Amino acid sequence: MKLKTRLILSFCILIILPISLIMMLTWGIYLLQSRMEQQNTYDLFSGTLQVMNRYTESDYEEMLNLSKTDPGKLESAEYLEAENAVLSEKSSFLIFCKNGVVVYNGYTGDDGWDDEDWAENLPAYGDADDSARVGYFINGDTQSLIKQVDFTCTDQAEGSIFIITSSTSILPAVRRMIVEFAISVILILALTAGLMTIWIYRGTMTPLRTLQVATNNIKEGNLDFTIDYDEADEMGDLCRNFEEMRKRLKESTEEKMLSEKENKALISNIAHDLKTPITAVKGYSEGILDGVADTPEKRDRYLRIIYSKANEMDRLLNELTLYSQIDTNRIPYNFNKINVSDYFADCIDEIGLDLETKGIGLSYFNYADDQTLIIADPEQLMRVINNIVNNAVKYMDTRKGQINIRIKDVGDFIQVEIEDNGKGIAARDLPYIFDRFYRTDASRNSATGGSGIGLSIVKKIIEDHGGKIWATSKINTGTIIYFVLRKYQEVQNE
């Protein structure tokens, strides 16, 4: 169900239900009052009797005092007319009887009652009860409340003044009061419901508009915005969750864009690096086919160059494959127990031959115990050493290059140090050399080639072995790359 429909239904229920209850209450009061008019018992009418009694209580008290202090005033026609005018505003009137005969009748009703009728139905002289203060009740078609004040006239006659309040005259006022009350209640409820609906609507629509703007921004590809709504309610939770989703989506998008940028850089670098060996292979192959290599020595040299360039292309393709495996965390590892002394001795033999052909010196120092073991993947660890050494050779610009490899025992770890005497790395670039595609010198890297991921692969492999790698360097002195690997330790059973 839509939120707007819910609000409309809530508003209708809030209005219809109270109105229905108020109408039922009003109808019930009306029926009760109508029944009171038709009943002849004091008990049923006692509630209305009390209301009618209060209307004329002050007038009754005044006449009762005059009957004791100045009874002659009660016989005055002027006084009776004035008081009757006052009582008429209270739905009441005066009747003055002298010796049982109606002398003054302020009744103006049209129900056919004359003075003799009133004389027959009014209480006799002496029937008044000054302590009751509520008077008498006349039964009949016209139900009336009567308050009686008896006194002795100036001519010693028996005088009685009656204050009569008719129920038929006061009930319309009561009904009008009930109707006005019901209308007031309805207006109050309608106003309350309207204000509550506006409050709910505004409290709901403000965050909804915010979310609508946010979704439009995302639809248009704009993620550089914030959702500024932090109320402690359900809509606030929704906005906070949406903001968190936006942040994650932005991070994911930025990572995707960075990955695409890196992939483009890798493809560009690999294409650049492949172009050189392919050109060489093509040129020397054409030399063999065209008979340029016309001696066995030339052919042998051409074939060796072709073989070397083919190996270089194979290495680049292997790096590309490994890069894809790094991106998906699927580098194949085959961990084994390795003797540090034996393993690095073999590595030095293999590296030494290659460096010797390039005229670069190699020194090896092993300070670890001959029985020291580590858990590692021999192939991937060899890749680490080759990448570091090849990177050092690639950027070595001295006439007599030198690489030193040291193995040290540092407690629970063995530390490998690979040092060169190259140009060195600036301090500002040193923290980033293990990042993918980071170039300390774009022009030099372009000239020397390289995929730009060699050291990042090294870092990934070392970290997957549970180790750590870092570097130090001095300009025009050289660079030292360090990495540590945890020793293998037998678990002894007690």
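From a predicted model like this one, the values you see are computed outputs, not experimental measurements. The first residue of the sequence shown is numbered 1, and numbering continues consecutively from there.
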Using 0.5 Å steps for rounding, measure from the [atom1] atom of [X] to the [atom2] atom of [Y].
| X | Y | atom1 | atom2 | value |
| --- | --- | --- | --- | --- |
| N390 | M396 | CG | CE | 11.0 Å |
| I374 | F344 | CD1 | CZ | 5.5 Å |
| I457 | N386 | CD1 | CG | 12.0 Å |
| I385 | I405 | CD1 | CD1 | 6.5 Å |
| N366 | R406 | CG | CZ | 12.5 Å |
| N339 | D370 | CG | CG | 7.5 Å |

Using the salt bridge (charged side-chain N to carboxylate O under 4.0 Å, His left out) rule, collect all pairs that involve residues 341-369, keeping only residues at least two apart or in two chains. D354-K358
Do the side chains of [Y] and [X] get nearer than 4.5 Å, heavy atoms only?
| X | Y | value |
| --- | --- | --- |
| C239 | L211 | yes |
| K487 | L373 | no |
| I388 | F483 | yes |
| I351 | I403 | no |
| N217 | L223 | no |
| K219 | N216 | yes |
| Y395 | D420 | no |
| D464 | D377 | no |

Show your working on side-chain contact (heavy atoms from CB on, under 4.5 Å) between W470 and V484 and close with a plain yes or no. CA-CA 9 Å; W470 69 98; V484 294; 3.9 Å; yes
Kindly check if the number of other-residue, nucleotide or ligand heavy atoms within 6.0 Å of [atom1] ([X]) is above 12?
| X | atom1 | answer |
| --- | --- | --- |
| Y284 | OH | no |
| R304 | CZ | no |
| Y307 | OH | no |

Do the charged groups of E243 and R246 touch, with an N to O distance under 4.0 Å? yes
Give a yes or no on whether a salt bridge exists between E244 and R248, defined as a side-chain N under 4.0 angstrom from a carboxylate O. yes
If you take all heavy atoms of [X] and [Y], which pair is closest and at what distance?
| X | Y | answer |
| --- | --- | --- |
| F242 | A214 | CE2-CB, 3.5 Å |
| P378 | N336 | CD-ND2, 4.1 Å |
| G424 | T479 | CA-OG1, 3.7 Å |
| G478 | S473 | O-OG, 3.1 Å |
| T165 | S92 | OG1-OG, 2.6 Å |
| Y364 | A345 | OH-N, 4.1 Å |

Between R209 and Q212, do the side chains contain an N or O donor and an N or O acceptor separated by less than 3.5 Å? no
N387 and I461: side-chain contact (heavy atoms from CB on, under 4.5 Å), yes or no, with the steps? CA-CA 11 Å; N387 280 10; I461 293 174; over 6 Å; no
Please confirm whether the backbone N or O of [Y] pairs with a side-chain atom of [X], one donor and one acceptor, at under 3.5 Å?
| X | Y | answer |
| --- | --- | --- |
| D300 | P296 | no |
| N404 | E419 | no |
| N222 | D224 | yes |

Steps toward side-chain contact (heavy atoms from CB on, under 4.5 Å) verdict (I288, L303): CA-CA 9 Å; I288 294 173; L303 290 173; 3.8 Å; yes
With sequence neighbours left out, write down each residue that passes side chain to side chain donor-acceptor pair (under 3.5 Å) with K298, or none if nothing qualifies. none
Test side-chain contact (heavy atoms from CB on, under 4.5 Å) applied to F365 and K408, step by step: CA-CA 9 Å; F365 308 92; K408 295 181 179 180; over 6 Å; no
